[in-house]
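Values in this document were obtained by computation on a predicted structure and should not be read as measured data. Residues take their numbers from the sequence shown, with the count starting at 1. Ligands are counted one by one from 1 in listed order, and the atoms in each one are counted from 1 as well.
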Amino acid sequence: MAAMFRSVPQVFRGSRCALVPLSARTISKRADERRPLADKVAVITGSTKGIGFAIAQRLAQNGAHVVISSRKQQNVDHAVAMLKEEGLSVTGTVCHVGKAKDRQHLVATALEHSGGVDFLVCVAGVNPLVGSTLGASEQIWDKVLDVNVKSPALLLSRLLPHMEKRGGSCVVLVSSVAAYLPVPTLGVYNTSKTALLGLSKSLAIELAPKGIRVNCIVPGIIKTDFGLGLGVREKTMSNMLPDLNKIYGLQRFGEPEDCAGIVSFLCSPDASYITGENIIVAGFSPRL
Ligand SMILES: NC(=O)C1=CN([C@@H]2O[C@H](COP(=O)(O)OP(=O)(O)OC[C@H]3O[C@@H](n4cnc5c(N)ncnc54)[C@H](OP(=O)(O)O)[C@@H]3O)[C@@H](O)[C@H]2O)C=CC1
Ligand SMILES: O=C1Nc2ccccc2C1=O
């Protein structure tokens, strides 16, 4: 392996370009700084494309082993292959978060491969209805609440015994600005995303004594199939958030990668005293 060198301050230099070898300790410290999640294991739901995929990629680039998951095997295979091509440490399995058996299988896969789990990032979310809140059927309510709200709690309850053993564990939930600014015609979805803010607060206080941190990111319109579908093509919406962003915001839609760095930070030791926060990633802030 090529030795690593640092340049010596001018005052110590006999010639123009004197170099001395770095100590092994300095090299490994610098490597750790670049890979703040080294030796950690992350389970991420809804991570074969969009926001979840960008988060998976960033956590893996920062040193974590990542367990990718979503409903469709071919999406899992494709996402795992893409990240492996980059030389990242990933495994994948099918998990529809609304199905108890799939959640159990996801936990088993993570433990089988890695022996423990440090981070749970719950990205999977659905919106099967554009229309009146009071016109929504019980089936719609059940689906949205099962997938968006109940599944993070039910998955975490299975993972908790394994996470609390590790030390430095954390959970990140994914809400939406629709939690703060309810979007007309997305009432059931808005409600589920507002509930997630409450879930993250409740879990944060419940798990703090165990040393497990719980935070939540709150994306605005992010350029994914889901986000553009809801945020731009749909008629009522096209007049709302994009315009708010134009008036108050950074004048662009977000990229999935805009949500990745903040999640990596929240999982890292630099965030070890941060819990119960809802962090908006929307190019503008809809709250005080
Ligand atoms: N994009 C945006 O503008 C915003 C998005 N959000 C939230 O971000 C999250 C991700 O959205 P986004 O990345 O845009 O969506 P995408 O459509 O780009 O990706 C969704 C991912 O979730 C998977 N998925 C969908 N349903 C389930 C399920 N029931 N169980 C497990 N995996 C599932 C999909 O794979 P597969 O089909 O294989 O299951 C896919 O990997 C959602 O919770 C959404 O509410 C919040 C605010 C704004
Ligand atoms: O996925 C989403 N797309 C959106 C567009 C506008 C407001 C909220 C959202 C979402 O949560």
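If you check which protein heavy atom lies closest to atom 2 (C) of ligand 1, you get Gly227 CA, 3.4 Å. At the top of the distance list for atom 22 (O) of ligand 1, counting protein heavy atoms only, stands Gly46 CA, 3.3 Å. Looking at atom 43 (O) of ligand 1, its nearest protein heavy atom turns out to be Val123 O, 2.7 Å. Closest protein heavy atom to atom 48 (C) of ligand 1: Gly220 O, 2.9 Å. Of all protein heavy atoms, the one lying nearest to atom 31 (C) of ligand 1 is Cys95 O, 3.1 Å. Ile222 N, 2.7 Å is the protein heavy atom nearest to atom 3 (O) of ligand 1. Atom 14 (O) of ligand 1 has its closest protein heavy atom at Thr224 OG1, 2.4 Å.
The Gly50 neighbourhood of ligand 1 comprises atoms 13 (O), 18 (O), with distances under 4.0 Å to a heavy atom of that residue. Residue Asn75 has at least one heavy-atom neighbour below 4.0 Å for each of these atoms of ligand 1: 36 (P), 37 (O), 38 (O). The distance from ligand 1 to the heavy atoms of Tyr189 drops below 4.0 Å at these ligand atoms: 6 (N), 44 (C), 45 (O), 46 (C). Short contacts between ligand 1 and Val174, defined as distances under 4.0 Å to a heavy atom of the residue, involve ligand atoms 7 (C), 8 (O). Of all atoms in ligand 1, numbered sequentially from 1 with element shown, those under 4.0 Å from a heavy atom of Ile221 are 3 (O). Of all the atoms in ligand 1, the ones that sit under 4.0 Å from a non-hydrogen atom of Lys72 are 37 (O), 38 (O).
When the options Ala54, Ser70, Ser151 are ranked by their closest heavy atom to atom 38 (O) of ligand 1, first place goes to Ser70. The residue from Arg71, Arg103, Lys49 that puts a heavy atom closest to atom 26 (N) of ligand 1 is Arg71.
Ligand 1 lies nowhere less than 4.0 angstrom from a heavy atom belonging to Cys259. Look at Phe253 and you'll find every heavy atom at least 4.0 Å from all atoms of ligand 1. The closest approach between a heavy atom of Gly98 and any atom of ligand 1 is not below 4.0 Å. Within the structure, ligand 1 lacks Thr45 among the residues with a heavy atom less than 4.0 angstrom away. Within the structure, the closest approach of Gln74 to ligand 1 does not fall below 4.0 Å when heavy atoms are considered.
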Which atom pairs, donor and acceptor, lie under 3.5 Å between side-chain atoms of residues 101-108 and protein residues at least two apart or in another chain?
unit_1: Asp102; atom_1: OD2; unit_2: His96; atom_2: N; d: 2.9
unit_1: Arg103; atom_1: NH1; unit_2: Val97; atom_2: O; d: 2.8
unit_1: His105; atom_1: NE2; unit_2: Thr93; atom_2: OG1; d: 3.1

Tell me which donor-acceptor pairs under 3.5 Å the side chains of residues 82-89 have, and how far apart each pair is, sequence neighbours excluded?
unit_1: Glu86; atom_1: OE1; unit_2: Gln61; atom_2: NE2; d: 2.9
unit_1: Glu86; atom_1: OE2; unit_2: Gln57; atom_2: NE2; d: 2.5
unit_1: Ser89; atom_1: OG; unit_2: His65; atom_2: ND1; d: 2.6

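Summarising the local packing, CG of Asp77 is surrounded by more than 12 heavy atoms from other residues, nucleotides or ligands at distances under 6.0 Å. Atom CZ of Arg158 has 12 or fewer neighbouring heavy atoms from other residues, nucleotides or ligands inside a 6.0 Å radius.
Using a 4.5 Å heavy-atom threshold, the side chains of Val76 and Ser70 count as touching. Contact of the Asn278 side chain with the Lys201 side chain is registered, since non-hydrogen atoms from C-beta on lie closer than 4.5 Å. You'll find the side chain of Leu160 reaches within 4.5 Å of the side chain of Ile212, heavy atoms only.
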